[in-house]
Structure formats: C-alpha cells, structure tokens
**Student:** 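If you scroll down you'll find the structure; I have some questions about it.
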Amino acid sequence: MTQQWIDRFVTARRQYIEDQFQNLNSMQRQAVLSTDGPLLLLAGAGSGKTTVLINRIANLIRFGRASDSIDVPDTVSEDDVLFLEALTKDATEADQCRADYLCALEPPMPYNILAITFTNKAANELKERLCDMLGPEGQDVWAMTFHSACCRILRRDIERIGFTCSFTIYDASDSERVMKDIIKNMGLDDKTFPAKYVLSVISREKDKLVSADEMLEHIENSNEFRMLHIARAYQKYQKTLKENNALDFDDIIYYTVKLLQEHEDVRTYYQRKFRYVLVDEYQDTNYMQYMLTSLLAGGYENICVVGDDDQSIYRFRGATIENILNFEKHYRGSRVIRLEQNYRSTQSILNAANAVIANNLGRKGKHLWTANGEGKPVTVYEAADEGAESNFVAGEIISKSGGKRFCDYAVLYRTNAQSNALEFAFKRNGIPYRVIGGMRFFDRAEVKDMLSYLCVINNRNDDLRLRRIINNPPRGIGAKALETAERLAQAEGQGLYRVVSDPYSYGPLERSAGKFMAFTVMIEELAQLLDTDISLPDFYEEVMRRTGYMDMLEAKPTEENKTRLENIQELKSSINSYVQNAELPTLSGFLEEIALYTDLEQYHEGDDAVVMMTMHSAKGLEFPNVFLVGFEDGLFPGMRAIGDHEEMEEERRLCYVAITRAKENLYITHAGRRMLYGRTNAALPSRFLREIPEDLILKKGGYHKAGYISQIRPAYTPVKPVGAHYSAALSTPEKHTYLELNKGDMVMHTAFGRGLVLSVIKMGGDALLEIAFDQIGTKKLMAKTASAYLKRL
DNA sequence: CGCACCACAATTTTT
DNA sequence: TTGTGGTGCG
C-alpha cells in the first residue's frame, strides 16, 4: 500500500475507534484513546474518572494501541481501507467484527493490565464494571488494591527474602502490641517512646525504603539518642515479625519493592507481564508506592495515573502530593489531560469549592464547571451550640425529606466525636441513621480472638496471636508459665509454639506441661481437620466449639456475651461469603482477605438511613444533600493546622473534598460554642466559610440575630469606613487592620479572657499570635481574625 | 485469675 | 466526655 492508503487507513481506524466511545466527552475520550506512554490524568471531583478508567481498559483490550499509533500491519489491504471508510454507525455485527479485527493493534490480554486502587471498594467497583463491559474476561484484569496486588506478588516469591508463603498480616494494633513488648524489653520508658510514635517513625523510614540497618547507619554518627533507640527498635521489630512470619501493612509494599529491586528475574517477569499499568487516586500514593508502580511499569512505561492534587487528604499517612506534581519530571515524554467537567454538582456548589481551593498555593490548578445549572445557594447556618446545630440538621432533614429517602442525606464532620450530638438529635426525631467508621467489626475483641485461633492454625509461628489465645478461654496457663516458655523459646531461638507443643522436654515447664499439651493437641487436631475435605464454615464451627470459646460465652449469658456470640457467629457468615466468592477457598486466603478488608462497604447495604461519617471517609462518595457541620476555627481547620501552612492547605483540600460531595444542596453549619473533650469552648466561624463568596451563600438561622455574637464581639471599628466599603471591611478586614501586638503584651480576649502574648510571627498580611491565657492555657491565634476579639491591656 | 479502679489522652486512617 | 490500658487487690 502507498503512504496515502496508509494514512487513510490510520484516519479511518481512528474514526472507527472514536465512534466506539461516543458516550464520553472529548477530554474523557482523549484520555481513553491515549494508550501509549506515561499519561497523567488530572481528574477533578465528579468528572467521571472511573468511567474513563474502565473505558480505557476496554479500549486497550479491544484495540490495543491502535488509537494512538500510526503503525499499520502489512496485512491490511486497500480493500480493507475502503471497507472501514464506508462503515456506517448501524453496521451489521459481522462488519463490526471485521472492523474490530482490522483495527486491533497488538491488543494485550486482560492479565497484561494492572489497575491499582487504594480501597477494596474501588477495586471491586472497577472489577464489576469491567465485567459488565467486557464479560468474564474482565475478571482476568489485575484490578486490585496496592496491598492485594503486592500480596499476590509476594505469595509467589517471598521465599527469596526469608518468609514462607503462608505469611500472616499484622494490622496496626498487632504492630503496636509487638512494639510495646520491644520497648519494654529494651528497658525504655514507654512515655518517652510511645509505641505509636516509634511505629510512625519506622513507617516513614520504610516509606523512604530505608531498612533498619540503614537507618541505624545514618543515625550512628549523629548524637540523636532518641532516634538511635528507635532505629534499634526498628531492627528488633523487623526481626520479630520475620520470626513470626508476619508482615505489617507497610512491609507488604516495602518487601515487594525490595523483591523487585533485588531480584532481576522477578522484576523482568512483571515488567514483561504488565504492558499497561493504571493507578487510581495517585495523589494519595507515597514514595514507596511510587517506586512500586514505576518498577512494575518499567518495562513498557505505559503508565497512566489518575488523580486530583486538590483531593490529597492523606498527607498525614505519608501520601505525598509531589508524586502527582512531579509526574512529568519522573516520566519523560508524558502527557497531561485534565478532566474538569463535573457531572455531579450544581454550579453554585462548584463555585464554592473552586473559591475555597483557589487559596492553596501548591497545586496544579483546575477549574471545575458543569452543565448541570446554577442550583441553589449554599445554606450557612449559625447555631448556638452543637445541640442546636444538630437540631437544625435533624429539622431540615425532616422537613425536606417528608420522611422519605433518608439515604439522600449525609452529614459530614471533621472528627468522629462529633457524631454524638447528631445521634441524639436524630434519635429524638426518629430519623434513621447510620454512622460509618469508628469501631470496626473485625476489631472487636471476640472476633479478633476467633481470628487469632485461625491465624495460629494457619501459621504456627505467629507468637503474637498465640499469646492472645493460649489462655482464652482460661485454661489455667498463667502469666508465669507463659513467661517461662517464652524465655525458653528465646534462649533456643525458636518460636513459642515449638516450646509449648513439646513441654515435657523442658524441665522448668513440668508443672504446666499437661495444660500446654492439651492446648497444642487441640490446635494440631484442628489443623488436621483442615486437611480433610471439611468445608471452611464447618471447620470454623469446630474451632468455636473445640476451643471452648462458645461455651465460655454461653456459660454466662449476659447481654454483652450474647452480642459477642452473635459477632463470632457473624464471622461465620463472612467465611461463608468468602467461600462462595473465592475460586479456591483456603484458610489462608480467607485470613488475607480479612486482613486487607475494612467494612467501609457496610454503607452500601441500601437501607434508608441518613449517613454520618468523617469528611475523610466521604471521599469518592456523593449525596444529593450534604450537611457539613462544625465549621469553626480550631475544629475545622483543626487547632494543629492553624499556623502551619502545609497543614492548612491539607485541611483546605479536605474542605474541597467535603463540598464536592454534594449534588444538589449543600449546608454548612457552625456553632458559637462547642463542647469538646468535656469542655465547652467559644468558637469562631471557620476561615473556610469566609473563603466562599458571599453571593453563593444564603444565611439561615436566628442565632445570629439572637444577639450572641454581638455580645461577645466588641464594637468593631473599621479603619475609616467609607460608603460601600464599609460592609466589605466588616466581613473581611483589610491588611493591617489588626491589632499590632508585641511579645510580652498583656491582652484581654472576649472569649478566652486575660492572656500574655508569648510570640508574634508575621505571616504575609497577617500574624500568628501565641497567647498564654490565664484560664484556658496557650492558644495560637491569627491576628487578623482575633483582633475583633482582642484588646490590649 | 478476674475485676475494679484510676490515669490519661483525644484529628483524620483507603490497607 | 469518652474510651482504653495499666496496675493492684481480693
């Protein structure tokens, strides 16, 4: 064929493929059709990014890189070109088949595609929608979370780094237990070295891919004794976990990266396997996850990341917004596509969100718009206290809903503790509600106990779980006997189970040997049971009985124990559903699923109830009516964020996420005083409220008029009030209208009382004041905001 | 060994 | 105010 024919073919091919994605807008389609090389997809809230992801994968499987390429196979004839050009929208099935065949260019198999998400929920949604679109072969796409993908990789090759493939996964509380023991054993004070803090330092090191030894090396020549101890604790912690054949959440990714880095054959295997890598919620990835994805995509460099820098709200967990900001530096020749059309909210809601987020400096910049229409203004309600605030929310829901479709309403707050007041109001008003978050099913003691039995049966090296259950229910194995056994195990460099299962070989254990024996025989019998063809649920039933756990609960039928009994029964239904869904159900498979599972999905059970959750948990969700409560400085943005620029930007992103959850109606409420931690404090409206243009806001609520504010707010005298500027000045004081204070000044605050200025730090046109108040202690205040309430003494 | 009592701290938490 | 974890006693 001549070049002209080839060009015509490429054009016709592109046209045909484009026609297959008519349901998308042009930016979305561009994202779907850009198959080759690194691609950064900046997808604003509600811009249909999951749809894009699914269609992109569909395009890859169906047409390979055809939509993005000028390559034409030699087999294509002039006839074919004419056929494609003549093809109409209502082509016969046979013609479509021929067209598909002609257009496909090196299409990958489903298992050549890796699509990584953060949550199980997102992964499941992806899988489901893929299967809807592609049929059963959608199952073979690697659509899973970071952690489950890594587990899958590790189960295959982890033996190369000294674990066995039946490894256990430790959750945060397991890790804490281990660390507490280590701190104690090292003779360190658990006040100066709280396990949580030590673990967080370790977590950050792991994120940087720094091993315990490397950390110690770095620290050794400095004289940071604190870090030195932590580095040693890190070493011990990793050693303990290895002995227990256990990995924590960070290890799952850390070791996968190490495995890929250090074993060329493994790396090559996956780099050849994954022709296309897609990463969802890229703004939430940390360094380690960046390394992982970049290693996995290192073969073909076909990496597509989807994210929204404005929705990065997990910095505190190590997520680094830099990954998204630096994508174009990390991957040369990358393309960037912005999805800014929003299909979720009204323009008013988007305007509010745009206005708030515009105050952030470190961002790529996006401007959401919608064809949905203006919509109603944002309702802002000022309440006297959290009780009144809750009543307003309850009242509004009752009058608006008319008792129907409660599930169309969501209440979002900054901290879980805020749900209490709301729950009272909802109960009083008979509004059905559901609180998401807080205590999770698999965190309940009795559930963890039963799971611990299963863990020990699955992995006899799991000392941590063994210790949890060895005397639960009580078997007369006391702390003393256990301690002796542990010392023996330590001395021999063996696992606890080894010692305990052979107690007669150890003199010091003779008194409790019988009891140890009885316990280990029971475990062994259960383990043998597993080798028969017993079903997993039946097996679990046996575990509940033979361990005596059920008897223990039935023996004392208190209300509490009845609930516990129900909970361990409920675990059986989890096993049931696992068995039904898994291809090849195994105990270790179930345990892995549980370990990597959070019951966030509980929300989609579909009962008609108002949902309450934190703004963090609401990410990715949407509701027709959203209430954002507790918009007060000190609560949202939180105390810690005030005066810390980075933190403040993160809070603002959270605010942006919260606002963009609403489809039709958005309410924002704040209270003049709020009880927190048993203490009532005066509170000022959140600065984020002031960032929303007034013309988008409809103020509601009589509290303002009831005069509370005018009581605490002293007559504010704006500098030279002139005509129309007067009201503007009232709501937003201009630069330098604040009280100029110096270190050492005594001040009087209308709400906080008398105080001494400890420090003044200038920040732009504002200043951060640190004031020690006589009554309530030291507070950080922004001069601009506080000036209205402060006077010099 | 189990229970009661006290001290203490307490954003957010996809895995 | 709430929950949790550690300690000490019966």
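Chain letters run A, B, ... following the sequence lines, proteins first and then strands; every chain starts at 1.
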**Student:** Find the distance Asp181(A):CG to dG5(C):C1' and express it as a whole number of Å.
**Tutor:**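 Atom-to-atom, Asp181(A) to dG5(C), this comes out as 14 Å.
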**Student:** Tyr282(A) and Tyr290(A): aromatic ring centres closer than 6.0 Å?
**Tutor:**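 No, ring centres 6.0 Å or more apart.
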**Student:** Considering every strand and a 4.0 Å limit on heavy-atom distances, what is the contact class for Lys191(A): base, sugar-phosphate, or nothing?
**Tutor:**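 Nothing: the residue Lys191(A), judged by heavy atoms under 4.0 Å, touches no strand.
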**Student:** For the P atoms, the ones on dT13(B) and on dT4(C), what distance do you get once it is rounded to whole angstrom?
**Tutor:**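 Comparing P positions in dT13(B) and dT4(C) gives a spacing of 16 Å.
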**Student:** May Phe316(A) be described as stacking on the base of dT13(B), applying a 5.5 Å centroid limit and a 30° limit on plane angle?
**Tutor:**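 Base of dT13(B): not stacked against Phe316(A).
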**Student:** Before accepting this row, confirm whether a basic side-chain N of the pair Asp310(A)/Arg653(A) lies closer than 4.0 Å to the acidic partner's carboxylate O.
**Tutor:**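 Judged by the 4.0 Å cut-off on N to carboxylate O distance, Asp310(A) and Arg653(A) do not form a salt bridge.
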**Student:** How would you label the contact of Ala595(A) with the nucleic acid (heavy atoms, under 4.0 Å): base, sugar-phosphate, or nothing?
**Tutor:**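 No contact.
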**Student:** Work out how far the P atom of dG5(C) is from that of dT12(B), and round it to whole angstrom.
**Tutor:**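 The answer is 16 Å between these two P atoms.
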**Student:** Please state how far atom CD in Glu560(A) lies from atom P in dG3(C), giving the value in whole angstrom units.
**Tutor:**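 To the nearest whole Å, that distance equals 12 Å.
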**Student:** So which one's nearest nucleotide on DNA chain B is more toward 5', Gly476(A) or Ala319(A)?
**Tutor:**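 Between the two, 5'-proximity favours Gly476(A).
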**Student:** Verify the ring-centre separation between Phe688(A) and His670(A): is it less than 6.0 angstrom?
**Tutor:**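 Judged by ring-centre distance (under 6.0 Å), His670(A) and Phe688(A) do not meet the cut-off.
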**Student:** Kindly indicate whether the side chain of Glu281(A), heavy atoms from C-beta on, has any atom under 4.5 Å from the side chain of Lys619(A).
**Tutor:**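 Yes, at least one pair of side-chain atoms sits under 4.5 Å.
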**Student:** If you look at every strand shown and take non-hydrogen atoms under 4.0 Å, does Glu647(A) touch a base, only sugar-phosphate, or nothing?
**Tutor:**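 Base contact - Glu647(A) has a heavy atom under 4.0 Å of at least one base atom.
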**Student:** Indicate, with a heavy-atom threshold strictly under 4.0 Å, whether Tyr314(A) touches base, sugar-phosphate, or nothing.
**Tutor:**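 Base contact.
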**Student:** Rounded to the nearest Å, what distance is computed from the NZ atom of residue Lys196(A) to the P atom of nucleotide dT11(B)?
**Tutor:**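 Whole-Å distance recorded here is 10 Å.
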**Student:** Regarding Glu281(A), tell me which of base, sugar-phosphate or nothing describes its non-hydrogen contacts under 4.0 Å with the strands shown.
**Tutor:**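 The answer is nothing, as Glu281(A) stays clear of every strand by at least 4.0 Å.
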